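Notes for the one structure printed next.
The first residue of the sequence shown is numbered 1, and numbering continues consecutively from there. Everything numeric here is computed off the predicted structure, so don't read it as measured data.
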Amino acid sequence: MKKGMIIYRSKYGAARKYAGWLQEMTGFACVEASKAAAEEAAQCETVVLCGGIYASGIAGLSFLRKNISKLKDRKLAVLCVGASPYDDGAFEEIRKHNLKNDLKDIPLFYARGAWNESAMTWKDRTLCRLLQKSVAKKDPDTYEPWMKALMCAVGQTCDWTDKKYLDPLMEYLEGKSS
């Protein structure tokens, strides 16, 4: 049986960057979700899905949903990558929204990604601007952490990616935590 596989789905590059770092740290095979084969993943001891968060969904999670019956006896983990700083409440909402039914027991980890409006698709940029306009109507003293980050990022190019975000996932993969 092969040691492990990292399956990633990255729209703007941050999840791909984390997948690459994980590959360097673990020696696992690394493959884009659209090219991943369930049969190959099922031959691995460990499978890590790394995906960006878009509209509260984790990109690439459909691979696990479709193939969980083939992978359920493997060590699984999901690394979600978002532009917002970590927040317990938001993280739990992401978990509840994405990891349900057969996926509910898969450990979830978070890494902060990047923000670059000029690289976004027209649709994503438009949705972000609409969200920014909506948040701007609120009292800044009532902003949640993701709202503060969104408003600070307007017109900026920011890269918050950092290998330190992989530490908890690596501890799990090495068996130092569960």
Side-chain angles (χ1 to χ4, degrees), residues 1-54 56-115 144-146 148-149 158-178:
M1 187 170 282
K2 296 177 187 173
K3 189 172 181 179
M5 178 180 280
I6 301 155
I7 299 167
Y8 71 91
R9 176 86 174 105
S10 186
K11 199 169 187 180
Y12 297 110
R16 180 176 45 250
K17 184 188 258 187
Y18 282 110
W21 285 340
L22 276 172
Q23 182 180 30
E24 291 171 9
M25 297 163 91
T26 62
F28 292 175
C30 187
V31 62
E32 214 289 337
S34 65
K35 298 175 183 167
E39 295 73 25
E40 192 174 336
Q43 294 175 19
C44 296
E45 295 172 12
T46 304
V47 177
V48 178
L49 176 87
C50 182
I53 300 170
Y54 305 103
S56 74
I58 301 171
L61 199 61
S62 59
F63 178 87
L64 287 182
R65 279 193 199 102
K66 284 188 249 178
N67 300 297
I68 193 64
S69 63
K70 296 175 186 169
L71 302 173
K72 65 183 175 194
D73 296 327
R74 306 294 173 257
K75 185 172 198 170
L76 301 174
V78 174
L79 175 70
C80 59
V81 180
S84 298
Y86 178 83
D87 174 70
D88 283 329
F91 184 72
E92 282 310 308
E93 286 301 313
I94 293 292
R95 178 189 308 280
K96 282 191 260 182
H97 180 76
N98 291 279
L99 300 180
K100 28 189 167 181
N101 304 320
D102 291 344
L103 306 183
K104 71 181 185 308
D105 295 325
I106 299 174
L108 180 65
F109 300 88
Y110 183 81
R112 194 159 185 204
W115 178 271
E144 293 179 42
W146 70 266
K148 288 178 188 173
C158 308
D159 184 348
W160 302 284
T161 56
D162 192 320
K163 286 183 181 179
K164 72 180 181 187
Y165 292 114
L166 297 175
D167 290 347
L169 173 57
M170 287 303 297
E171 286 179 19
Y172 169 73
L173 295 176
E174 294 167 353
K176 296 177 184 173
S177 67
S178 52

Q.
Go through it in stages, so that I can follow the logic: the residues are Ser56 and Ile94, the test is side chain to side chain contact (heavy atoms under 4.5 Å, CB included), and I'd like the CA-CA distance, side-chain angles, deciding distance and then a yes or no.
A. CA-CA 6 Å; Ser56 74; Ile94 293 292; 4.1 Å; yes

Q: Begin with the C-alpha distance, continue with both residues' side-chain angles, and end with the deciding distance and a verdict on side chain to side chain contact (heavy atoms under 4.5 Å, CB included) for Val48 and Thr26.
A: CA-CA 11 Å; Val48 178; Thr26 62; over 6 Å; no

Q) Considering all heavy atoms of both residues, which atom of Tyr165 and which atom of Tyr18 are nearest to each other, and what is their separation? A) CD1-OH, 3.2 Å

Q: Please work out which of the three classes, parallel, tilted or perpendicular, describes the rings of Tyr12 and Tyr54, given edges at 30° and 60°.
A: perpendicular

Q) Rounded to the nearest 0.5 Å, how far apart are CD1 of Ile68 and CG of Asp102? A) 6.5 Å

(Q) By the definition side-chain contact (heavy atoms from CB on, under 4.5 Å), identify the one residue from Leu49, Val78, Leu61 that meets it with Leu103. (A) Leu61

Q: Work out which heavy atom in Ala83 is nearest to a heavy atom in Ala114; give both atom names and the distance.
A: CB-O, 3.8 Å

Q: Look only at the side chain of Tyr110 and the backbone of Gly82, and say whether a donor-acceptor pair between them is shorter than 3.5 Å.
A: yes

Q | Heavy-atom closest contact (Leu71 atom, Leu64 atom, distance) | A | CD1-CD2, 3.8 Å

Q.
If you apply the rule side chain to side chain contact (heavy atoms under 4.5 Å, CB included), what do you find for Leu108 with Ile58, and how did you get there?
A. CA-CA 11 Å; Leu108 180 65; Ile58 301 171; 4.0 Å; yes

**Q.** Nearest non-hydrogen partners of Val81 and Ala14, listed with the distance
**A.** CG1-CB, 3.9 Å

**Q.** Trace of the side chain to side chain contact (heavy atoms under 4.5 Å, CB included) decision for Tyr172 with Thr46
**A.** CA-CA 11 Å; Tyr172 169 73; Thr46 304; over 6 Å; no

(Q) Quick check: closest heavy atoms across Lys100 and Lys96, and the distance to 0.1 Å? (A) CD-O, 3.9 Å

Q. Going by heavy atoms in the side chains, are Leu79 and Ile6 under 4.5 Å from each other?
A. no

Q. Take atom CG in Asp162; do more than 12 heavy atoms of anything else shown fall under 6.0 Å from it?
A. yes

Q: Go through the steps for Glu45 and Arg74 under the test salt bridge (charged side-chain N to carboxylate O under 4.0 Å, His left out), then give the verdict.
A: CA-CA 5 Å; Glu45 295 172 12; Arg74 306 294 173 257; over 6 Å; no

Q: State the CZ-SG distance between Arg112 and Cys158, to the nearest 0.5 angstrom.
A: 7.5 Å

Q. Taking atom CZ of Arg16 and atom OG1 of Thr161, what is their separation to the nearest 0.5 Å?
A. 12.0 Å

**Q.** Criterion salt bridge (charged side-chain N to carboxylate O under 4.0 Å, His left out) on Glu39 and Lys70, from CA distance to verdict
**A.** CA-CA 8 Å; Glu39 295 73 25; Lys70 296 175 186 169; 3.4 Å; yes

Q) Out of curiosity, Asp88 CG to Glu93 CD, how far, rounded to the nearest 0.5 Å? A) 12.0 Å

**Q.** Residue pair Asn98 / Arg65, side-chain heavy-atom distance below 4.5 Å
**A.** yes

Q) Between atom CG of Leu173 and atom CZ of Phe28, what is the distance when rounded to the nearest 0.5 Å? A) 5.5 Å

**Q.** Rounded distance (nearest 0.5 Å) linking atom CZ of Phe109 with atom CD of Glu171
**A.** 9.0 Å

**Q.** Taking every non-hydrogen atom, the tightest pair across Ala33 and Phe63
**A.** O-CD1, 4.4 Å

